[in-house]
Amino acid sequence: MPELPEVETVRRGLEKLVLGAQIENVKIYYPKIINGDPQSFQQELRGRTIESITRRGKYLIFNFDTGISFVSHLRMEGKYFVENPKTPLEKHTHIVFTLSDGQQLRYNDVRKFGRMHLVKTAQVQQLPGLKKLGPEPTAALFDKQLFYERLKHKKKMIKPALLDQTIVAGLGNIYTDEVLWSSKINPQTPAAHLSKSEADRLHDEIITELARATSQGGTTVFTYTDTFGHAGSFQKQLHAYGRKGQPCERCATPLKKIVVGQRGTTFCPQCQKVK
DNA sequence: ACGACTGTTATACC
DNA sequence: GGGTATAACAGTCG
């Protein structure tokens, strides 16, 4: 599942592989991936040069020479590959960008959940998903006091509150279970019930956990790979996610899996007690 | 064989 | 408007 560390790893890979490349042609095999008119998507991108590749939350943003940007969300299984045009198209490749250097940038997505938007660079922040996005989880941008204030006014439980992207950007199901485990907070705790010290702990864990995962190329749980086809290695350091029934690494109590806000949730019933 | 389950966001609805 | 359920999809597992 590409969450922030995986998307950032993909971004860094793409920066090495296709920054500065010019798009010669775009082939669309599954138009629903593209938000808006696929024909104009094709036409607008032809002849454009990739000037920069940025990221906001889990959104990848390709910026072009003429003030337009292409915003891509990988959702569950979206992947980019850079390959020789002679390599046969893999199953589930839906969009192919042929580049002037002779390579192809290919978008592959088994579940077809990923989405792409083409907008003016100045309009990127106005896209529905980006408009309400919370701060990036870095020490410079993610304010501790503000985090506590926002939680205090949320009616949701802490887990769905962290997943909703408006309080802080970039957490998905895996890292949410991890930071709650590290912070010893029960996922079903109402967000508004967290004490200041719990909120502070959680805030710090979010920053360090996502940074550590990013530095290790992200987590490969099911099928995630980066643009080079490499798996991440952070899955070796997961303490909660996917460890149902295994002993908690702090207290040896078997971890439990429950559903919270329609999402599978693994936690330690001993260390992460409801208060 | 078939239903349950997986996860992320936009959208519809209360 | 906030909260919540549902749709978008395909593959895997029991």
Side-chain angles (χ1 to χ4, degrees), chain A residues 1-8 10 28-36 38 55-61 71-80 89-95 107-119 123-134 137 149-180 187-193 210 213 218-225 232 234-235 238 240-245 256-267:
Chain A
M1 321 300 109
E3 302 179 32
L4 188 149
E6 292 76 35
V7 178
E8 177 59 19
V10 169
I28 302 169
Y29 297 96
Y30 185 79
K32 280 179 77 175
I33 298 273
I34 290 154
N35 194 280
R55 178 192 57 74
R56 177 77 174 95
K58 304 176 198 170
Y59 294 84
L60 260 182
I61 308 164
V71 179
S72 171
H73 197 297
L74 307 172
R75 296 282 184 102
M76 303 206 44
E77 307 233 28
K79 290 174 188 62
Y80 282 100
L89 283 191
E90 33 304 273
K91 202 179 172 183
H92 310 302
T93 290
H94 307 305
I95 317 277
Y107 178 74
N108 184 282
D109 190 342
V110 173
R111 302 283 294 276
K112 299 180 175 168
F113 275 12
R115 289 294 175 264
M116 300 177 179
H117 303 253
L118 195 62
V119 291
Q123 296 298 311
V124 168
Q125 304 305 326
Q126 298 309 312
L127 283 174
L130 285 141
K131 206 172 174 177
K132 291 193 286 182
L133 213 53
E149 300 292 335
R150 294 290 311 277
L151 290 178
K152 251 196 336 204
H153 297 107
K154 273 274 172 189
K155 296 219 167 107
K156 293 180 176 181
M157 297 177 282
I158 186 62
K159 167 139 182 179
L162 291 178
L163 286 173
D164 95 4
Q165 309 298 306
T166 65
I167 296 184
V168 59
L171 290 165
N173 209 32
I174 298 173
Y175 296 112
T176 302
D177 279 3
E178 290 304 306
V179 295
L180 288 172
Q188 293 178 297
T189 312
H193 290 189
L210 292 179
T219 300
T220 295
V221 172
F222 295 105
T223 59
Y224 163 80
T225 66
F234 196 70
Q235 62 277 8
L238 297 179
Y241 185 89
R243 299 190 74 248
K244 178 180 80 165
K256 267 182 90 172
K257 186 169 179 183
I258 59 172
V259 174
V260 180
Q262 284 92 245
R263 311 296 300 279
T265 300
T266 309
F267 72 107

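Since this is a predicted model, take the numbers as computed values, not measurements. Lettering follows sequence order; numbering is per chain, from 1. The analysis underlying the following values was restricted to heavy atoms, covering all of them including side chains, and did not include hydrogens, waters or symmetry mates.
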Query raised in the report: Which value, in whole Å, describes the distance between the P atoms of nucleotides dG1(C) and dT9(B)?
Result: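 Those two atoms are separated by 22 Å.
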Query - dA12(B) to dC9(C) separation - P atoms, rounded to the nearest Å - result: 15 Å
Take atom [atom1] of [X] and atom [atom2] of [N], then tell me their distance rounded to the nearest Å.
{"X": "Leu133(A)", "N": "dT9(B)", "atom1": "CG", "atom2": "P", "result": "8 Å"}
{"X": "Lys159(A)", "N": "dT8(B)", "atom1": "NZ", "atom2": "P", "result": "9 Å"}
{"X": "Lys32(A)", "N": "dC9(C)", "atom1": "NZ", "atom2": "C1'", "result": "9 Å"}
{"X": "Lys244(A)", "N": "dC5(B)", "atom1": "NZ", "atom2": "P", "result": "11 Å"}
{"X": "Asn173(A)", "N": "dC5(B)", "atom1": "CG", "atom2": "P", "result": "15 Å"}
{"X": "Tyr107(A)", "N": "dC9(C)", "atom1": "OH", "atom2": "C1'", "result": "12 Å"}
{"X": "Lys154(A)", "N": "dG2(C)", "atom1": "NZ", "atom2": "P", "result": "8 Å"}
{"X": "His94(A)", "N": "dA10(C)", "atom1": "NE2", "atom2": "C1'", "result": "10 Å"}

Query raised in the report: Heavy atoms under 4.0 Å, any strand shown: does Lys257(A) hit a base, just sugar-phosphate, or nothing?
Result: sugar-phosphate
Return no unless some side-chain N or O of [X] is found under 4.0 Å from OP1 or OP2 of [N].
{"X": "Arg75(A)", "N": "dC9(C)", "answer": "no"}
{"X": "Lys112(A)", "N": "dA10(C)", "answer": "yes"}
{"X": "Tyr59(A)", "N": "dT9(B)", "answer": "no"}
{"X": "Gln262(A)", "N": "dA5(C)", "answer": "yes"}
{"X": "Tyr241(A)", "N": "dT6(B)", "answer": "no"}
{"X": "His92(A)", "N": "dG11(C)", "answer": "yes"}

**Report entry** Arg56(A) to Tyr59(A), cation-pi by 6.0 Å centre distance and 45° axis angle
**Finding:**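 No, cation not above the ring by the 6.0 Å, 45° rule.
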Report task. Ignoring hydrogens and angles, state whether a donor on the side chain of Tyr175(A) or Asp177(A) is under 3.5 Å from an acceptor on the partner side chain. Result ->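 Side-chain D/A pair, Tyr175(A) to Asp177(A): absent.
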Query raised in the report: Checking Gln165(A) side chain against Gly170(A) main chain: does a donor-acceptor pair fall under 3.5 Å?
Result: yes
**Report entry** Donor-acceptor under 3.5 Å (Lys79(A) side chain, Glu77(A) main chain)
**Finding:**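 Yes.
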Query raised in the report: Does the gap between the ring centers of His94(A) and Tyr29(A) come in under 6.0 Å?
Result: no
Report summary line: Whichever of Phe113(A) and Leu127(A) has the more 5' nearest nucleotide on DNA chain B, that residue is Phe113(A)
Query raised in the report: Side chain of Arg115(A), base of dT9(B): donor and acceptor closer than 3.5 Å?
Result: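 Checked by distance alone, the answer is no.
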**Report entry** Closest listed nucleotide, where the reference is the side chain of Arg111(A) and the choices are dT9(B), dT4(C), dC9(C)
**Finding:**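 The answer is dC9(C), which lies nearest to the side chain.
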